[in-house]
Amino acid sequence: MTEVLTLEHVVAGGAVAGPPALTQTNPADPDDLRVEVPEADARLIANAADAAREAVGDLQTAGVEARADGLARVGRMLMADADALAELIARETGKVLGDARGEVVRAARIFDFFAGEALRNVGERFASTRPGVMVEVDYAPVGVVGLITPWNFPIAIPAWKIAPALSFGNAVVWKPSEVSSATAAALMAIIRRAVLPPGVVNMVLGGGAAGAAVIACEGVDAISFTGSERTGAAVRRAALERGVRVQAEMGGVNGLIILADADLDNAIDCAINGAFFAAGQRCTATSRILVEAAVADEVTERLLQRMGVLVMADPRAAGAQVGPLASLRQKATVTAQLQAIEATGLRPVVGGSGVDAPNAFFKPTLFVDAPLSSPLSHEEIFGPVAALFRVDDFDAAIAALNVNRFGLSAGLCTTSLARAEAFKLRAQAGMLMINQPTAGVDYHAPFGGVAASSYGPREQGRQAREFYTSVRTTYQLPL
Ligand code: UN1
């Protein structure tokens, strides 16, 4: 029997019901779970922003230790509930259970890290050029922050926005993706139990219209967004028009270079992990494998062999490595993208289509020796799709790597220290992965890209403070 979850918004610490407007089903098995999601309107979002405004004051009154305690409690509760949350993520978004559990633990650790950051938000004080005057620099909350989060990391990305927002004294209006709203509601329930002031996090549900209404809301002082390049551009325009601070984390068509001197066992592991795990639905996924000609045939053969034994299965099945795409809609999107590529005359060596069944599975797909000018170099495909390009040497590999407008994550497999150092200087990307998959990042290090991949200050790590605070400079004649 299908389990039905009917979700509600959370405003000022209380649930607010609304008629179901959007539906998400278990992408591996639509008969297992149906999530009914209401759509927030501008009035509800304005109420949420008002509640958040009040909570900013409450957070200030409560002080930094109370904030740190609340965030640490969220971390502990996430850890305690990790199995149940992982199960929900697997059922709602199709993420393989082990990855889902790892993500919940990551989210817990993010809350823990930012609990500590609340106490480490130190400023500085120094003498003015005017004798007797002191200059003080500190980091004040921005106020009410609007967060718009995607479905591919349904708990870690909300964690890495909500935790720093609260840590630095802001309150939140959060619009999670309609594809992962049940997971969002589960995180929200934990936040409510963590005895933070009510209204500190308000969750308004819905699709793109609700997201647009959050950005348009007068009571929202800053916007942090993770999602597609196209939506990110619209978010940026709308936020800049209102004159509010905006941070947008968008896509990438990330390249992994494999040089002839690489440890090929490790290089193949990196390529398989980066391209196909999480069914390719990571902005840091490897879309392009740029292989030095001398080893291109061997790498192709070994990749195809490994792809042949990848276990694509129900995300809750033991041993599953590749689950479905997150939704039937995503399957339709990836299918249409591949049809457009095939219409240019290119054919994948394996894969290329969704599984012919009423679920969202899509076959791991590899193109080999496509021209560098093809859409495979330039268009992000959020699915288990990669293209192998043959390059003459290191210089050609770097040129191919930097060929598109993105610059999120870039990988290099080599045993040459000189090449590794040259790569650091020449690769155009915010995150460089040497003998590592392009995806899979730490929570205490800054995350973000260059060029079309990212806009605004970095997320995560100590750098997160830049977005979530305003620098305040005070000149004072000692009293
Ligand atoms: C990772 O590679 O560990 O949406 C994280 C995304 C990124 C997160 C990637 N913002 O896929």
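Numbering of ligands and ligand atoms starts at 1, following listing order. For the numbers below, each heavy atom of this structure counts, side chains included, while hydrogens, waters and symmetry mates do not.
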For residues 420-434, which side-chain N or O atoms pair as donor and acceptor with protein atoms under 3.5 Å away, sequence neighbours left out?
from   : atom 1 : to     : atom 2 : distance (Å)
Glu421 : OE2    : Lys424 : NZ     : 3.2
Arg426 : NH1    : Asp395 : OD1    : 2.9
Arg426 : NH2    : Asp395 : OD1    : 3.2

Using a strict threshold of under 4.0 Å (side-chain N to carboxylate O), is an ion pair present between Arg465 and Glu117?
no
Which protein N or O atoms sit under 3.5 Å from any N or O of ligand 1? Give atom names and distances.
from     : atom 1 : to     : atom 2 : distance (Å)
ligand 1 : 2 (O)  : Thr284 : OG1    : 2.6
ligand 1 : 2 (O)  : Gly440 : N      : 2.8
ligand 1 : 3 (O)  : Arg106 : NH1    : 3.4
ligand 1 : 3 (O)  : Arg106 : NH2    : 2.8
ligand 1 : 3 (O)  : Gly440 : N      : 3.2
ligand 1 : 3 (O)  : Val441 : N      : 3.0
ligand 1 : 4 (O)  : Asn152 : ND2    : 3.0
ligand 1 : 11 (O) : Asn152 : ND2    : 2.9
ligand 1 : 11 (O) : Cys283 : N      : 2.6

When you compare the side chains of Glu92 and Ser180, does any donor N or O come within less than 3.5 Å of an acceptor on the partner?
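The answer is no; no qualifying pair exists.
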Residue list, side-chain contact (heavy atoms from CB on, under 4.5 Å) with Leu44, at least two apart or on another chain:
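Leu44: side-chain contact (heavy atoms from CB on, under 4.5 Å) contacts with His9, Val11, Val16, Ala40, Asp41, Val204.
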Flag if over 12 foreign heavy atoms under 6.0 Å of CZ, Arg419:
yes
Quick test of your reading: applying side-chain hydrogen bond (donor to acceptor under 3.5 Å, both in side chains), list the pairs with at least one residue in residues 155-177, sequence neighbours left out, ordered by first then second residue.
Thr149-Trp174, Trp160-Glu459, Lys161-Ser224, Lys161-Thr226, Lys161-Glu459
